[in-house]
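Have a look at the structure below before the remarks.
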2 protein chains.
Amino acid sequence: MGVRQAQKQQSRRALMDAGLRLLEEQNLAGLGVREVTRAAGMSPAGFYRHFRDMADLGVALVEESLASLHVLVRSVLEERGGAEELIDRTVEVIEQHVRGNRAHVRFLARERHGGVRQVREAVAAELDRFAEEVGAALAPQSVSEGWSDEELRMLAGLYVEHMVSTAASFLEAPDPEAGRRIAATARMQLRLVSLGRRHWKDI
Amino acid sequence: MGVRQAQKQQSRRALMDAGLRLLEEQNLAGLGVREVTRAAGMSPAGFYRHFRDMADLGVALVEESLASLHVLVRSVLEERGGAEELIDRTVEVIEQHVRGNRAHVRFLARERHGGVRQVREAVAAELDRFAEEVGAALAPQSVSEGWSDEELRMLAGLYVEHMVSTAASFLEAPDPEAGRRIAATARMQLRLVSLGRRHWKDI
DNA sequence: TGTACATCAGTGAACGCGCGTTCACTGATGTAC
DNA sequence: TGTACATCAGTGAACGCGCGTTCACTGATGTAC
C-alpha cells in the first residue's frame, strides 16, 4: 500500500474515531459532518472523500463494532469446561469486552433501535448471525439431544439477548461495586437458563 | 377546569402527539422545536408555553409511555392460572400492547439507550420499579419458597428484560407471520425460564 | 347581568448562527518513459 | 536517476437554508365588583 493510500486510511480512521467518541454522548442522527471533521482535524469538505453521508459512516462503525463482538462470541463458544466454569467465563468475557470497547458497545446499544434505518438493519442482521452461530455451537452438545432447530434457535436467541442486555448494563455501572452486582446477577440468570435447558425434555 | 386550561391541555397533547409521531422515524436528539410545532399546527414560539426544551417534552413522553406499560405489567401480575396459561397470556398481552401503542413502545426502545441523559435515566428508573414490582409478585408464589431477595430480583430482572426485548421484536415484525414466530419463541423462552425456576432449589 | 381590568396562550417577525454541500484549487504522491 | 504529466486527498470560500430563541403584541378567557 502506497503512502497516499496509507494517509487516506489514517484520515478515515481519524473520522471514525472522532465519530465514535462523539457518539458516546449523542445519537448518530444528531451528529453533524462539520462536528466530526472538526473533531478529526479536517476541513468539512474532506469528509466526502471517505463517506457519502453520516449514515454511511454509521454503517462503517457498525461493521467495526460487530467484528470485535464477533471475536468475543467465537472465543466463548470455543471454550470447553463444566457448565459453571463456562458461565463464569462468559460473564467475565462480556465484562472485559465492555471495559475494552466502551465506545463500540455504547454505539451498538444506542443505534440498535436508533433513528437510522440502515444502521438498525445492519445491527439486527448481525445479531441474527450471532444467534445462528450460537445455535450451531449448542447443537452438538449432549444437553441438546432431541432439540429441534426451532428450539435451538429460541435458546440461542435467549443467550444473545442476554449478552446484549448484560453488556448494556455493564456500560451503565457507575462503580466497580455495581459491576460486581451486575456480573453476579448475569451469572445467576445464565445458571437458571442452563437449568431450564437441562430439564426441557423432561416432559 | 376552565376553558383556557382545557385549551392549553389540548395544545400540549397536540405537541406530544406530534412528537410521538415524528419520533417513530428519528431520535429525540434530532427532533426540532420548529418541526414539532409545525406538525402540531402551532407557531414555534408557542412551544415554550408548554416545555422548557425538547428534553423536557421527552421526559413527559417517557412518563406517559411508562404509565401505559405499568398498567400492562400490573394486569399480567394479577392474573391467576396454571404456568402454561400465564405464559400464553403474558405474550398475548405484550403483543396487544405493542399493537395498540406502537409509537410509545418504539419511543421507549429508541430512547432507552438514546442520546438524552434525562430520558435514559427516567426509563431506567421506571424499569427498575417494574422489576421490583414483579419481584414482589413472585415472592409469595410457592415456587419461590426459600428464594432470597437477590434471587427474586435476578428472576424479576430476567422477566422484565425479556418483556422489553419481546416488545421490541414485535415492533420490527414485518408481517403477521413474523409476529406469530416471535410469539412462539417468546412463549418457549418463558417456558424454559419457568422450568429453570422450578429446579433452582434442586441443589 | 354588565363593566372594567388582569391574565396569559398563542402569534409573527426578527436575530444571529451553524449547518450540509459544491466548487475550483493546491500540492504531495504515483506513474510512464 | 531524472523528467513530465496524471491523480486525487484535502482545502477554503461560498451558497442558501432552517434552526432555537426573544420580543412586543393580540385577543379570548377569567375575575372582581
Side-chain angles (χ1 to χ4, degrees), chain A residues 1-61 64 110-111 114-119, chain B residues 1-61 64 110-111 114-119:
Chain A
M1 191 168 67
V3 175
R4 195 187 249 166
Q5 280 258 6
Q7 280 168 346
K8 181 169 186 185
Q9 208 54 35
Q10 208 172 18
S11 298
R12 189 183 149 95
R13 259 262 57 85
L15 286 171
M16 288 175 72
D17 285 341
L20 216 40
R21 185 156 44 78
L22 293 165
L23 285 167
E24 291 217 54
E25 313 229 328
Q26 68 188 293
N27 289 115
L28 182 61
L31 192 60
V33 168
R34 282 173 182 273
E35 204 176 351
V36 174
T37 51
R38 205 183 301 124
M42 187 187 288
S43 75
F47 180 85
Y48 300 95
R49 297 280 176 204
H50 301 276
F51 302 102
R52 215 172 329 105
D53 50 29
M54 285 304 306
D56 198 23
L57 184 143
V59 170
L61 286 175
E64 182 175 80
R110 183 154 292 166
E111 300 303 331
V116 182
R117 181 192 303 275
Q118 292 164 270
V119 171
Chain B
M1 191 168 65
V3 176
R4 194 186 250 169
Q5 281 260 5
Q7 280 168 346
K8 181 170 185 184
Q9 208 54 34
Q10 208 171 20
S11 299
R12 188 184 150 95
R13 260 261 57 86
L15 286 171
M16 288 176 72
D17 286 341
L20 217 39
R21 184 155 44 76
L22 293 166
L23 285 167
E24 291 218 53
E25 314 230 326
Q26 68 187 294
N27 288 116
L28 182 60
L31 192 61
V33 167
R34 289 179 112 98
E35 203 177 352
V36 174
T37 51
R38 206 183 300 125
M42 186 187 290
S43 74
F47 180 86
Y48 299 95
R49 297 283 176 203
H50 301 277
F51 303 102
R52 216 171 329 105
D53 50 28
M54 286 303 305
D56 197 24
L57 184 142
V59 170
L61 286 174
E64 183 175 81
R110 184 153 294 167
E111 301 303 331
V116 182
R117 181 193 305 275
Q118 292 164 271
V119 171

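Small disclaimer: the values here were computed from a predicted structure and weren't measured. Below, read A as the first sequence line, B as the second, and so on, with proteins coming before strands; counting in each chain starts at 1.
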For A:Val3, run the side chain to side chain contact (heavy atoms under 4.5 Å, CB included) check against A:Met1, A:Gln7, A:Gln5 and tell me which one passes.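 Option passing the side chain to side chain contact (heavy atoms under 4.5 Å, CB included) with A:Val3: A:Gln7.
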Can you pull every protein N or O that's under 3.5 Å from an N or O on nucleotides 31-33 of chain D?
none

May I ask you to say whether B:Arg110 pairs ionically with B:Glu25, meaning some side-chain N is under 4.0 Å from a carboxylate O?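 So B:Arg110 does not pair with B:Glu25 through a salt bridge.
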Exercise: identify the closest heavy-atom pair between [X] and [Y]:
X: A:Ala39; Y: A:Leu22; value: CB-CD1, 4.0 Å
X: A:Glu35; Y: A:Gly30; value: OE1-O, 4.0 Å
X: A:Met42; Y: A:His50; value: CE-NE2, 4.3 Å
X: A:Val36; Y: A:Leu15; value: CG1-O, 3.7 Å
X: B:Phe51; Y: B:Asp56; value: CA-OD2, 3.5 Å

Among D:dA9, C:dA9, C:dT11, find the nucleotide with the atom closest to the side chain of B:Arg4.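 Of the candidates, C:dA9 comes closest.
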Which nucleotide in the set C:dA9, D:dG30, D:dG12 lies at the smallest distance from any side-chain heavy atom of A:Ser43?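 For the A:Ser43 side chain, the nearest candidate turns out to be D:dG12.
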Given Watson-Crick and G-U pairs under 3.5 Å, DNA chain D in dot-bracket ([ ] crossing, | other strand) is .||||||||||||||||||||||||||||||||
Would you tell me if any nitrogen or oxygen in the side chain of A:Gln7 comes within less than 4.0 Å of OP1 or OP2 on C:dT29?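 Yes, within the criterion.
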Just by modelled atom types, is the A:Leu28 backbone N or O under 3.5 Å from a matching donor or acceptor in the A:Glu111 side chain?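 Indeed, once roles are kept as given, a pair shorter than 3.5 Å links the two residues.
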Would you say A:Asn27's side chain and B:Gly115's backbone share a donor-acceptor pair under 3.5 angstrom?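 A pair under 3.5 Å: yes.
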Roughly how far apart are B:Arg38 CZ and B:Ser43 OG, rounded to 0.5 Å?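 B:Arg38 CZ to B:Ser43 OG: 12.5 Å, rounded to 0.5 Å.
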Contact string for nucleotides 13-26 of chain C, one letter per nucleotide 5' to 3', B = base within protein heavy-atom range under 4.0 Å, S = sugar-phosphate only, - = neither, reads -B----BBBBB---
Rounded to whole Å, please give me the gap between NZ in B:Lys8 and P in C:dC8.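 About 9 Å, once rounded to whole Å.
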